[in-house]
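Structure first, commentary second.
Reminder, nothing fancy here: chain letters follow the sequence lines and each chain counts from 1. This one's a predicted model, so the numbers in the text were calculated from it and none came from an experiment.
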Amino acid sequence: MLYHPENIEAKWRKEWKKTGLYKVSNHSNKPKYYVLDMFPYPSGAGLHVGHPLGYIASDIFARYKRLKGFNVLHPMGYDAFGLPAEQYAIQTGVHPANSTETNVNRYREQLDNIGFSFDWNREVRTSDPSYYKWTQWIFLKLFNHYYDLVTQKAAPISELIKIFETSGNFHLQVANSQDATFTAEEWKVMSDKEKDAVLMNYRLAYRKIGYVNWCEALGTVLANDEVKDGLSERGGYPVEKKAMMQWSLRITAYAERLLADLDTLEWTDALKAMQRNWIGKSEGAQLFFEVAQSHQKIEIFTTRPDTIFGSTFMVLAPEHDLVDILVTTDQAETVKSYKEYVASRSDVDRMSEIKEVTGVFTGAYATNPFTGKNVPIWLGEYVLKDYGTGAIMAVPGDDERDYNFAKKFGLEIIDIVDRTDYPNAAPHEKVGKMINSDFLTGMEVKDAITAMLNKIEERGIGTRKTNYKLRDANFSRQRYWGEPFPIMYNHNGVAIPLTTQQLPLILPQLENFKPAPGGKSPLVRVESWVNQFEGFQLETDTMPGFAGSSWYFLRYMDPDNKDNFASEQALNYWQDVDLYVGGTEHAVGHLMYSRFWHKFLYDLGYVPTTEPFKKLINQGMITAYGYYADHLKMPDGSILTGNIKDLVNIDEITAGNPVRLSYIYDYLDSQNRITQSKFKEYWEHIGKDYHVDGNLSKYFWITEDGSEPYFTVNIVQEKMSKSKFNVQNPDEIVARYGADCFRMYEMFLGPIEQSKPWDTKGIDGVNRFLRKYWALYFNNNEWSVSDEKPTGEEYKILHTAIKKITDDIERFSFNTCVSAFMMCVNELKRIECNNRTILNSLNILLAPFAPFITEELHHLLGNDGSVHEAAYPEYDEQHMIQDAVEYPVCVNGKKRDVIAVASSMTPKEIQDYVMTLDAVKRHVGDKAVQRVIVVPGKMINLVVKE
RNA sequence: GCGGGUGUGGUGAAAUUGGUAGACACGCUAGACUUAGGAUCUAGUGCCGCGAGGCUUGGGGGUUCGAGUCCCUCCACCCGCACCA
């Protein structure tokens with residue numbers, strides 16, 4: 001019987017479906033284990049070989065845990081709301097729900113092909129009303145809560161209202177964006193509209209003015225990555241910042257907990273570092289500079305209060321609220337045009353462009369609270385509205401950016417830190433001795449900071465403050481294909497939440513998906529939907545992609561629940577995700593928002609854990625090789641560049657990019673060169689696909705020795721993408737080699753967290769392994785398995801494999817597992833082992849990696865039930881005892897010989913024996929042996945003095 | 001600039017606590033079988049050298065009996081953040 005994966009795999013795929021092998025129950029005596037993959041956005045391009053890498057790893061781990069006796073939750077679903085489907089709808093009129101459905105079906109087919117052990121009964125789609133009902137429900141909870149900084153917990157907004165009614169908002173320690181204070185009396189006489197505006201400054205989901213990338217020509221709002229150099233990526237039209245009323249989530253309230261709890265997680269240091277960076281905690285002082293001849297005060301935040309004596313001017317963000325109030329009449333024109341200039345610049349430009357200092361003087365002055373001097377107030381684009389208070393006290397003597405600004409505009413510079421004791425310190429390090437600083441002079445920077453903070457608080461002009469870089473997330477999208485906000489507005493524009501009974505608020509049918517005038521969501525046009533609740537108008541913005549993905553892992557626990565997002569029983573049983581596998585591209589956004597929502601739900605008592613993802617592994621990207629001809633010689637001696645798509649008309653190629661030569665690998669020689677005749681073959685092959693025509697001889701180097709002209713192809717690693725013609729579909733690999741082979745080959749490629757190029761050249765090795773493994777059970781294609789008692793050697797080979805593979809699975813080193821299987825099979829083959837006991841155990845060991853072939857052999861071996869429900873083989877050390885040990889013999893650390901000695905020999909006996917070896921004598925010569933080091937079981941080293 | 005990561009044969013890689021560098025594969029070379037299929041099997045394969053031997057984990061230096069692994073320093077590439085007060 002020959003190994004035919006296509007038959008075996010089709011058979012078991014069907015059988016498993018029939019028996020519901022991978023169905024998981026929420027009721028079990030077994031310990032739970034939750035293995036989760038980041039669910040995919042179902043794009044029109046389908047899966048390529050890079051996507052399943054993480055899924056295969058997690059599937060192996062899930063199957064392993066099942067064999068080890070755990071009740072394993074291993075679900076899959078779809079992040080089904082998203083911009084591409086909407087874009088596609090605008091272009092083609094196909095409803096996003098329909099294109100998403102098509103794409104989901106294709107994904108499902110591709111996933112099924114690979115043999116994953118997902119429990120598809122638990123599938124979730126974020127765009128399904130029965131799912132987004134609960135996304136809306138969580139949103140309403142956020143809307144109806146504020147954050148108490150004293151208890152470090154979310155609390156109902158109704159309690160806050162009670163506080164307002166009794167004592168206004170004085171002395172409140174809560175997360176907020178409220179500037180003004182008010183008394184209980186003042187609160188009571190406020191109109192509904194005013195109250196609504198105040199409460200927005202406390203709610204965890206709230207409305208505020210936010211800035212969006214507005215493109216007038218396209219009549220739409222663009223995402224950051226759709227804007228390049230201040231122009232829209234599509235069309236190249238100008239993009240400007242536009243103020244719009246937007247929903248936001250007050251994630252900043254949770255900054256401290258998001259930071260502190262990182263320590264409890266088993267994530268990589270790199271990932272934790274990224275999150276810490278993003279949260280960006282800094283401690284310093286908040287204080288005020290009074291504006292001269294005015295009642296205004298400018299609030300600033302500084303981490304270096306010690307440098308106040310060197311603050312000779314202030315810089316405000318051009319968008320700062322006070323700018324228009326402060327500006328003097330003679331500077332008004334200058335300031336206005338500068339503000340226009342800054343508005344025209346995208347965030348990316350403003351931050352990443354080569355440092356060219358820009359700024360204007362407002363004409364106004366503020367008073368330095370310590371020197372008492374009047375300092376000029378400037379505007380500069382290097383100060384950001386959203387960071388800190390949007391204003392800084394500039395200290396050109398100790399800050400590089402302030403220094404450059406002062407230099408450019410001829411402002412006063414005072415040295416306040418003497419760094420001569422720290423010649424190697426970086427400019428931003430907080431070290432040195434204070435000079436020219438009144439009472440601080442002579443202090444070390446660290447002491448000066450403390451002294452100044454005390455002084456500031458003593459004088460009552462400011463307070464100690466912790467600042468976070470983390471910003472509240474913009475939660476509004478002017479789009480159709482997202483969750484509708486369960487919010488309506490009354491005639492006063494006051495936001496009224498829908499009730500739970502009114503959820504889900506379902507998206508209406510739509511035919512025209514183009515944005516409505518003013519950059520509004522196309523939902524505005526569906527008046528019957530907007531006005532469905534009499535006297536009220538529904539919010540027409542929708543939620544962003546990260547809404548649905550911030551809690552989907554909880555829904556898997558109880559996906560069909562109609563009364564709750566998941567039952568208490570399910571949540572208490574599954575608790576949290578034990579292992580989460582996904583790409584680094586979600587390192588910050590998705591993981592941060594999920595943690596935030598989870599902590600919020602924890603505060604409300606809905607989930608039993610404070611963190612959603614205990615352990616996290618980032619799989620690397622699978623890249624493709626790109627083949628480029630970047631030195632093609634033209635007749636005039638210039639270098640030819642261009643893109644392969646341009647080769648449709650060869651004479652139109654222009655300088656710009658290297659020429660991409662897709663699928664050229666098979667035509668290259670060992671030095672990656674291609675000769676003229678080989679290129680013609682390639683050309684004809686490509687020509688069929690791309691209708692390329694033209695005279696090629698002009699691109700070849702002419703060789704001097706008369707051999708065939710050639711050029712050299714440059715090989716690089718690049719992302720897989722449709723536009724690069726380098727996408728590899730897993731279906732093709734599975735069709736040719738089988739899913740077992742595909743799975744093992746992806747693991748064999750290298751460490752899971754490393755990115756690596758896809759290359760099918762090595763797949764034959766894994767294919768041969770599976771055939772060899774199959775062949776162990778057969779003799780001349782006849783089933784041939786022996787029932788004898790295994791020999792010591794057979795046991796030893798098996799248990800070596802059990803130990804190595806089990807250890808390696810536990811540390812997610814799947815590539816070395818595959819090697820270990822290969823070695824084991826090579827060894828068993830060498831001694832012609834066909835022993836049932838051995839093969840049966842090995843088969844279970846291999847089952848997580850190659851679920852199909854092992855299931856087939858499990859049944860051929862006469863076992864009942866599935867191999868995937870068998871018991872994992874126990875490692876038994878007694879089979880590993882060996883009577884002889886091999887030792888490398890080194891002289892001065894260099895290996896000179898290898899000896900085998902009885903394991904009973906003492907170090908002394910080994911030493912004496914070693915001295916008699918020829919190789920040792922040769923290398924020791926007349927010199928004296930100073931020391932002999934015997935590391936038991938490892939090696940022997942002779943130290944010889946020269 | 002800051003933070004994180006990577007660098008080992010022709011290629012993908014292994015070496016888990018400082019202990020035989022290159023396991024396991026791909027490729028390549030030679031041979032066997034087969035009247036050619038891109039099948040299978042055997043042997044060889046880091047580099048230099050006929051050989052003894054020498055050299056070798058991005059470069060340089062150090063600690064150690066012993067360093068891919070630890071320390072210092074420099075270089076290259078990748079990822080994330082970035083005028084962060």
Practice prompt. Let me know the distance between NZ of A/K756 and C1' of B/C77, rounded to the nearest Å.
Written response: 18 Å
Item to complete: Identify the nucleotide, in any strand shown, that forms a Watson-Crick or G-U wobble pair with B/A30, with both distances under 3.5 Å; if there is none, say none.
Response: B/U42
Discussion item. Let's test this: given Watson-Crick or G-U wobble pairing with both distances under 3.5 Å, identify the partner of B/G68.
Written reply: none
Worksheet item: Picking from B/G12, B/C65, B/G19, which would you name as closest to the side chain of A/F748?
Response: B/G12
Worksheet item: Who is the Watson-Crick or G-U wobble partner of B/A85, with both distances under 3.5 Å?
Response: none
Fill in: Sub-4.5 Å side-chain heavy-atom contact between A/E753 and A/F812
no
Fill in: Out of B/G19, B/C26, B/C24, whichever nucleotide has its closest atom nearest the side chain of A/K938
B/G19
Worksheet entry | Phosphate OP1/OP2 of B/C26 contacted by A/R768 side-chain N/O (<4.0 Å) | yes
Worksheet item: Think A/K281 forms a cation-pi with A/Y468, using NZ or CZ under 6.0 Å from the six-ring centre and within 45 degrees of its axis?
Response: no
Worksheet entry | A/R304 CZ - B/A85 P separation (whole Å) | 11 Å
Discussion item. For the CD atom on A/E832, are there more than 12 heavy atoms of other groups (residues, nucleotides or ligands in this structure) within a distance under 6.0 Å?
Written reply: no
Worksheet, complete the sentence: When both distances are under 3.5 Å in a Watson-Crick or G-U wobble arrangement, the nucleotide paired with B/G49 is none
Worksheet item: When you check the phosphate oxygens OP1 and OP2 of B/G12, does a side-chain N or O of A/Q754 lie under 4.0 Å from one of them?
Response: no
Fill in: Nearest-nucleotide pick for A/R811, side chain only, options being B/A15, B/U20, B/C65
B/A15
Fill in: Side-chain N,O (A/N815) to OP1/OP2 (B/A14) below 4.0 Å
yes
Fill in: Nucleotide nearest A/M822 (side chain, heavy atoms from C-beta), chosen from B/C24, B/A13, B/A85
B/C24
Worksheet entry | Candidates B/U16, B/C84, B/G27 - which lies nearest the side chain of A/L384 | B/C84
Discussion item. Would you measure the distance from the P atom in B/U56 across to the matching atom in B/G22 and give it in whole Å?
Written reply: 16 Å
Worksheet item: Expressed as a whole number of Å, how far does the P atom of B/U8 sit from that of B/C2?
Response: 26 Å
Worksheet item: Across all strands, who's sitting opposite B/A14 as a Watson-Crick or G-U wobble pair, both distances under 3.5 Å?
Response: none
Discussion item. Is it the case that over 12 heavy atoms from other parts of the model lie below 6.0 angstrom from the CH2 atom of A/W278?
Written reply: no
Worksheet item: A/N767 side chain N/O closer than 4.0 Å to the phosphate oxygens (OP1, OP2) of B/A25?
Response: no
